[in-house]
Peer 1: 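Could you have a look at this structure, given as structure tokens, before my questions?
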Amino acid sequence: MSNEATDRTSSTPHAQLYRMVMEKHLCPFGLKTKALLERNGYEVEDHWLTSRDDVDAFKQEHDVRTTPQVFIEGRRIGGYTELRRYLGKRVKGSDETSYQPVIAIFATAFVMALAVSWAVFDTVFTGRMLEWFIAISMTLLGVQKLQDVEQFSTMFLNYDLLAQREVRYAYVYPFAETLAGVLMIAGSLIWLAAPVALFIGAIGAASVFKAVYIDKRELKCACVGGGSNVPLGFLSLTENIMMVAMGLWMPLRIWFG
């Protein structure tokens with residue numbers, strides 16, 4: 001069953017890897033495990049499990065439930081996650097909170113705003129760039145929520161004051177945020193976009209402030225969708241304050257601009 005094998009040397013650590021390589025299924029964790037071993041200096045004896053019978057026989061022989069499986073110096077290490085632990089790599093917990101999704105969205109929105117500013121004005125740092133940054137952030141955050149409105153609404157109802165009184169608001173919110181963001185990117189129908197952003201931003205800011213800073217509740221934020229592990233707190237409040245700022249600024253710029 002071994003399709004690849006490398007010569008063992010006394011100076012190079014050696015590992016055996018058993019992974020599924022079938023005609024209609026190439027195990028992604030098997031590929032990641034092989035790459036991780038090689039990056040860490042291991043010569044990999046790569047055993048392919050090319051049929052369901054091979055997989056079942058291997059699981060039964062070694063009393064394991066999943067593949068891939070790694071063996072180092074005759075000791076079974078386990079799959080990809082166990083290998084990361086063995087090598088001293090960080091392993092993210094299933095319930096671990098993280099700001100990474102929000103940071104990724106804001107960073108992407110900022111770069112996109114710079115790109116739009118360059119395309120329109122031939123320079124990156126303009127007043128409109130800041131507007132586009134907030135508007136694009138709103139749109140990207142709205143899209144995250146729209147991926148699963150049902151799951152978003154469930155998490156949103158944990159802390160939003162208006163949604164707790166009128167549940168349908170939790171279903172409307174993602175569409176309202178996305179619509180306001182798109183209109184503000186275009187600089188169109190600001191008479192609609194600005195009140196929407198101001199309304200949902202003000203309620204959101206009050207809800208987050210009450211839940212986090214008054215009630216001292218530890219909740220997950222629905223700002224990047226219902227499946228996130230982003231803690232409710234400063235970044236969530238920032239999102240809402242940005243919408244309030246845009247709701248106030250955009251009409252003023254148009255009226256006095």
Side-chain angles (χ1 to χ4, degrees), residues 28 92 97-153 155-156 160 169-208 220-257:
K92 183 178 178 181
T97 58
S98 173
Y99 288 101
Q100 182 175 341
V102 176
I103 293 172
I105 287 173
F106 283 151
T108 301
F110 183 72
V111 173
M112 290 177 67
L114 293 177
V116 174
S117 183
W118 178 267
V120 175
F121 298 113
D122 290 327
T123 183
V124 293
F125 295 109
T126 64
R128 290 299 305 278
M129 184 276 291
L130 294 176
E131 295 177 5
W132 283 321
F133 164 60
I134 297 176
I136 293 171
S137 297
M138 290 169 57
T139 305
L140 294 178
L141 289 166
V143 169
Q144 290 293 108
K145 299 174 178 71
L146 287 171
Q147 291 183 81
D148 191 336
V149 177
E150 190 67 38
Q151 191 173 8
F152 160 78
S153 66
M155 188 177 291
F156 193 59
D160 189 84
Y169 175 67
Y171 293 89
V172 171
Y173 184 99
F175 296 93
E177 181 178 25
T178 305
L179 174 64
V182 170
L183 292 178
M184 287 179 172
I185 292 172
S188 178
L189 300 180
I190 299 304
W191 60 267
L192 173 61
V196 169
L198 183 60
F199 180 79
I200 65 176
I203 293 174
S207 300
V208 172
K220 293 177 182 178
C221 179
C223 53
V224 291
S228 74
N229 285 326
V230 177
L232 186 69
F234 175 75
L235 285 178
S236 314
L237 187 60
T238 299
E239 174 194 5
N240 289 289
I241 291 175
M242 287 168 57
M243 285 194 284
V244 170
M246 283 291 280
L248 294 172
W249 166 251
M250 292 294 285
L252 291 176
R253 183 178 65 78
I254 292 174
W255 291 336
F256 299 102

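Computed from a predicted structure; not experimentally measured.
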Peer 1: Can you sort out the partners of Pro195 under side chain to side chain contact (heavy atoms under 4.5 Å, CB included), two or more places apart, ordered by chain and number?
Peer 2: none
Peer 1: Check Met138 against Ala197 and note the closest heavy-atom contact, atom names and distance.
Peer 2: CE-CB, 4.1 Å
Peer 1: Could you give the side-chain donor-acceptor pairs of residues 170-182 under 3.5 Å, partners two or more places apart or in another chain?
Peer 2:
residue : atom : partner : partner atom : Å
Tyr171  : OH   : Glu150  : OE1          : 3.3
Tyr171  : OH   : Glu150  : OE2          : 2.9
Glu177  : OE1  : Lys145  : NZ           : 2.9
Thr178  : OG1  : Pro174  : O            : 2.8

Peer 1: Identify the heavy atoms of Ser236 and Asn240 that sit nearest to each other, and give their distance.
Peer 2: O-ND2, 2.9 Å
Peer 1: For the atom pair CD1 (Ile134) and CD1 (Ile241), what is the distance rounded to the nearest 0.5 Å?
Peer 2: 11.0 Å
Peer 1: Nearest 0.5 Å, what's the CE-OG distance between Met184 and Ser137?
Peer 2: 12.5 Å
Peer 1: Tell me the salt bridge (Lys or Arg N to Asp or Glu O under 4.0 Å) pairs involving residues 101-126, sequence neighbours left out?
Peer 2: none
Peer 1: If a pair satisfies side chain to side chain donor-acceptor pair (under 3.5 Å) and one of its residues is in residues 179-201, list it, with sequence neighbours excluded.
Peer 2: none
Peer 1: Just jot down the ring-ring contact (aromatic ring centres under 6.0 Å, His included) partners of Phe133, sequence neighbours excluded, or say none.
Peer 2: Phe110
Peer 1: Measure the shortest side-chain to side-chain distance between Tyr169 and Ile200 over non-hydrogen atoms and say whether it is less than 4.5 angstrom.
Peer 2: yes
Peer 1: Can you list every pair that meets salt bridge (Lys or Arg N to Asp or Glu O under 4.0 Å) and has a residue in residues 128-139, with sequence neighbours left out?
Peer 2: Arg128-Glu131, Glu131-Arg253
Peer 1: Any pair with a residue in residues 107-119 that passes side chain to side chain donor-acceptor pair (under 3.5 Å), sequence neighbours left out, goes on the list, sorted by first then second residue, please.
Peer 2: Ser117-Thr126
Peer 1: Would you compute the distance between atom CD1 of Ile190 and atom CE of Met250 and round it to the nearest 0.5 angstrom?
Peer 2: 3.5 Å
Peer 1: Are the side chains of Leu130 and Trp249 in contact, using a 4.5 Å heavy-atom criterion?
Peer 2: no
Peer 1: Where do Ala113 and Met129 come nearest, in terms of heavy atoms and distance?
Peer 2: CB-O, 3.5 Å
Peer 1: What's the shortest heavy-atom distance between Gly204 and Asp160, and which atoms?
Peer 2: CA-OD1, 4.2 Å
Peer 1: Evaluate the side-chain proximity of Met242 to Thr238: yes if any heavy-atom separation is below 4.5 Å, no if none is.
Peer 2: yes
Peer 1: Which pair of heavy atoms, one from Phe106 and one from Leu141, lies closest together, and at what distance?
Peer 2: CE2-CD1, 4.0 Å
Peer 1: Working to the nearest 0.5 Å, report the span between CD1 of Ile185 and CD1 of Ile136.
Peer 2: 5.0 Å
Peer 1: For Ala193 versus Leu183, what's the shortest heavy-atom pair and its separation?
Peer 2: CB-CB, 3.7 Å
